Amino acid sequence: MIQRQNMMYVIRTIKLMNLQRYCLFFIALCVFGMVQTSFAEGLRGHAYDIPKLDDCAVTGEATSWKDHAFKIELLADPNGKYKKPSDFDPKVRLAWCDKGLLVYVTVQDDQFEEAENKRRMFEGDAIELFIGTKRGEHDYYMLVLGPGVTPQFPELRHIFFDERGGGPVVAEILDPLKLEVKRSKLDKGYAIEVCLPWTNLQLQPKSDLSLAFQVYAMDKDPGEDVFCATWYPANDTHLNQTTSMHLLNLADHASSDSKSVIAGRFNELNIALDATLIGKTIKVIREGETIHEEAIKQIDGRGKFTVRLPIPLNGEKIGDLNVYIDGQWVGCTERGKPESMLKYAMDEGELDFYQYVFSGDQFPKVEFKHPDIVRSLVGEYQVKPHFYDKTFNEVTVADHPGKYAAVVEIQTQFGRTTRRFFSLYRTTDQDKVPMLKLPVWLMPKVSEIVLQDGLMLDLPEVEGEADQYSENDAVLRTYAHEQHKKPSDTELDDARVEDQAWWVHQKREIYGQFSDPVLPLPKRYDTQVGRTIEHGTPEQAGINPDAIKLLDEICDQWAKSNDGKGATICVVRHGIIFYYKSHGKTLDGKDMKPEVPGPMYSLTKLITGVMLGMYVDQGLIDLDAPIDRTIPTVRGMDVNVPMTHRMLMTHTSGLQGHYGDEFRDLEERIAEEYAYDKVPVDFKYCGLGFALTVKALELISDEPYPNLYRKLLFDPLEINHTVCKNSHNGGIGIAIDVVKVGQMLLNKGTYGHYRFMSEQTVNAIKPNPLTPIFGDETEKIWGIGFWGPGSQRAFEEGAYGHGSANSSYMRIDPKHDLVIAVSSLEKRQYFNGTLRNKFVEAILTHIVDESEVATK
């Protein structure tokens, strides 16, 4: 039976390089309810036996073993969709030997297109393998194989993504990953045989050893999106979801072949089957009663079966649906209450206004783009909009130009109501726009709608923004209207901050039960209470000046490895900036300068953790109290274990994805799933927990989050070139700004004339054992926005900080009175692993004062 918490998948078409839009499309498998099954035996405790081989020579053809293997005859995407066998037909064989796990993949394909970027081979024809020690453990690695069957790429390529021991921080100190692999060409396709040594995961092969495994097969036809077929009902393993992997048991004999895929929405069951099962009888049984039975039909070269059930009312569950083929059980899906589908109905239904810029006193209509999907998940519903003017008064007509807002209630037949918040703009009488009678999404081309005076229904795409650009237009025009400017003279970011400030005020009115706003500003003293940073010499910092040449050489090597992309490194010891240099080039080819800001990506989490510490210090947030104290939408919900802000900030809440700040109604969205989340979880690295925490801070202080960063941290620290555009990966800044935050923490909460928090609070937000979450026996350590000591080389001997996807990095080292900050223009990590470790070691080994000379 599939547990709900393990049923999330991510549409593969996300742009991983664009972390600002790392807002992944989450859909539960209790919506799609998909399991892949073995015809004769079923799931044998959710594990498959794979047989042992004596001869495991890797030839690319698996001539000695491909028939003596566990066979996976059908792969489909997480919706249960597949391609015709003549178009794309991947098959997998699994076995084991004393050397390692054996995988043989054959792919019949009519067209090929391979990705140029080796790190992104999954964007073209490719195979992905995931191998881990256990389901649910963050201890695995990913292997991507490019088949090498196109003229541009005639040779097999491969790359590892290492998540052993909890992720790259730990994995970098382990032995390098190895493999044996060969590819052979087929008449219309290719075959890849690979042996993955047991030493990669430090396993000793023996019968009954279990491991986690998943395989993807990507098909890229020219001019089309990548089609990803998986062996398991989810493709979110990239998010450290090892629960989305099958269990393999090492055995003497193989389980029966896997030939079917059970999928379907909440009340719908879709089953795809291998062609050899066409004509056999398939039966679905619920609570001992047969609810559907028929012969398997042939559609597009596969077997196909579909049944739809009525949506239950009055709190009932659909329950377990057991599937049999010719009397043999092949799988079971668990379907819960329709209430649990509300989040997915809202996400997939896409509630939207016809338009956001309008004329006259009548408000535009609002509807779901996909109402049938909503009804299929939660049954009948009602959409009820409530409109407000700029002064928070509810209105029924728009009697003057300017800002309006809508709180749209969605009432379901089972009594649950949720809401979405929208910003609208009514034009002046001179700037009229037509009222749309049909929604934009039903019109063939929005660009053909001509508006007067240059008014737009759509804005050009802005990187990192949601897909409702017309609402951006409403926000932009509202701000321009209030500032007496032209929209073309207005920054969209400024307009959004004002809009967000309005919604923070409005949400305090909507949710109520708030005391007067409190802004936990740092306490200012007449005299200096904390060390500030200043420029000086290596000698003043207690560093042998010979270190500078070595640091330059390491950074030059880094810049060359990164195609010259620039970065700035600032290193401070005893408050003395003894190394502050830029290397490489800017994105437009100029020499990198220290004042050029770079994206901080996940280093932003550290800044947010520090800001949260100020709320903790003044008693406004209790890290271990249930979040219903600060998130009104989840109050009164019946949950087994409530989430806490510590869980949200240490990646143990079960939430996942890097998004959330852009949703003014995030609290509503969280409430739709809160009662069904499994809490806590071992570790799911995400930004959503940070976004939800910052929503709580906004409500406490009655300020939008950009203002909070500025007022609480940046202004007192005299940080002038850094902004946080979201709470988890949207920071943009320069190295010397980031160093000031680190120096404040090194000073135990002070900097210059300010005390930001007490030493006790600094210690509380630093990496600590997660005993409040997992109990006294836990070995898990993490901080409130800080990496735990996962690697002796990354953060050892009391050092702490955070890294990022692009080498932006902070190291705070109390033992050596040292702060290192990196601001990088990279799009991927290069200054990690060996180079970063060499840089740190070059500093530590050149310390010459206070008997702190490190041992080489």
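Computed over heavy atoms, backbone and side chain alike; hydrogens, waters and symmetry mates excluded. Each residue takes its place number in the sequence, starting with 1. Since the model is a prediction, treat every value here as computed from it, not as a measurement.
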If we ignore angles and hydrogens, is there a donor and acceptor under 3.5 Å between the side chains of [X] and [Y]?
X: Glu163; Y: His138; value: yes
X: Gln111; Y: Asp109; value: no
X: Gln214; Y: His246; value: no

Under the side chain to side chain donor-acceptor pair (under 3.5 Å) rule, what pairs show up with a residue in residues 57-70, not counting sequence neighbours?
Thr59-Glu193, Trp65-Glu193
Counting distance only, does the side-chain N/O of [X] pair as donor-acceptor with the main-chain N or O of [Y] below 3.5 Å?
X: Asp677; Y: Val679; value: no
X: Ser255; Y: Asp49; value: yes
X: Thr306; Y: Asn270; value: no
X: Arg669; Y: Asp347; value: no
X: Tyr48; Y: Ser256; value: no
X: Arg135; Y: Met245; value: yes
X: Thr242; Y: Gly136; value: yes

Please identify each residue that fulfils side chain to side chain contact (heavy atoms under 4.5 Å, CB included) with [X], with sequence neighbours left out.
X: Glu73; answer: Lys71, Lys91, Arg93, Asp257, Lys259, Asp274
X: Asp638; answer: none
X: Asp682; answer: Lys780

Minimum side-chain heavy-atom gap [X]-[Y] below 4.5 Å:
X: Lys182; Y: Leu156; value: no
X: Thr418; Y: Thr412; value: no
X: Leu129; Y: Val103; value: yes
X: Trp231; Y: Phe213; value: yes

Set of ring-ring contact (aromatic ring centres under 6.0 Å, His included) partners for [X], sequence neighbours left out:
X: Phe414; value: none
X: Phe112; value: none
X: Phe160; value: Tyr141, His158
X: Phe161; value: none

I'd like to check the salt bridge (Lys or Arg N to Asp or Glu O under 4.0 Å) partners of Lys220; sequence neighbours left out, ordered by chain and number.
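Salt bridge (Lys or Arg N to Asp or Glu O under 4.0 Å) list for Lys220, sorted by chain: Glu113.
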Exceeds 12 heavy-atom contacts within 6.0 angstrom, atom NZ of Lys304
yes
Does atom CD of Glu294 have more than 12 heavy-atom neighbours, drawn from other residues, nucleotides or ligands, at distances under 6.0 Å?
yes
Go through the steps to decide whether Lys84 and Asp110 satisfy the test salt bridge (charged side-chain N to carboxylate O under 4.0 Å, His left out), and finish with yes or no.
CA-CA 10 Å; Lys84 295 179 181 179; Asp110 61 343; over 6 Å; no
Donor-acceptor contacts, no H, no angles, side chain residues 50-57, under 3.5 Å, sequence neighbours left out:
residue: Lys52; atom: NZ; partner: Asp98; partner atom: OD1; Å: 3.1
residue: Asp55; atom: OD1; partner: Ala57; partner atom: N; Å: 3.3

Test side chain to side chain donor-acceptor pair (under 3.5 Å) applied to Lys337 - qualifying residues, sequence neighbours left out:
none
How long is the gap from CZ on Arg286 to CD1 on Ile318, to the nearest 0.5 Å?
6.5 Å
Restricting to pairs with a member in residues 285-309, which pass ring pair (Phe, Tyr, Trp, His ring centres under 6.0 Å), not counting sequence neighbours?
His292-Phe305
Once you measure the plane-to-plane angle for Tyr685 and His651, does it fall in the parallel (<30°), tilted (30-60°) or perpendicular (>60°) bin?
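If you compare the ring of Tyr685 with that of His651, the planes turn out tilted.
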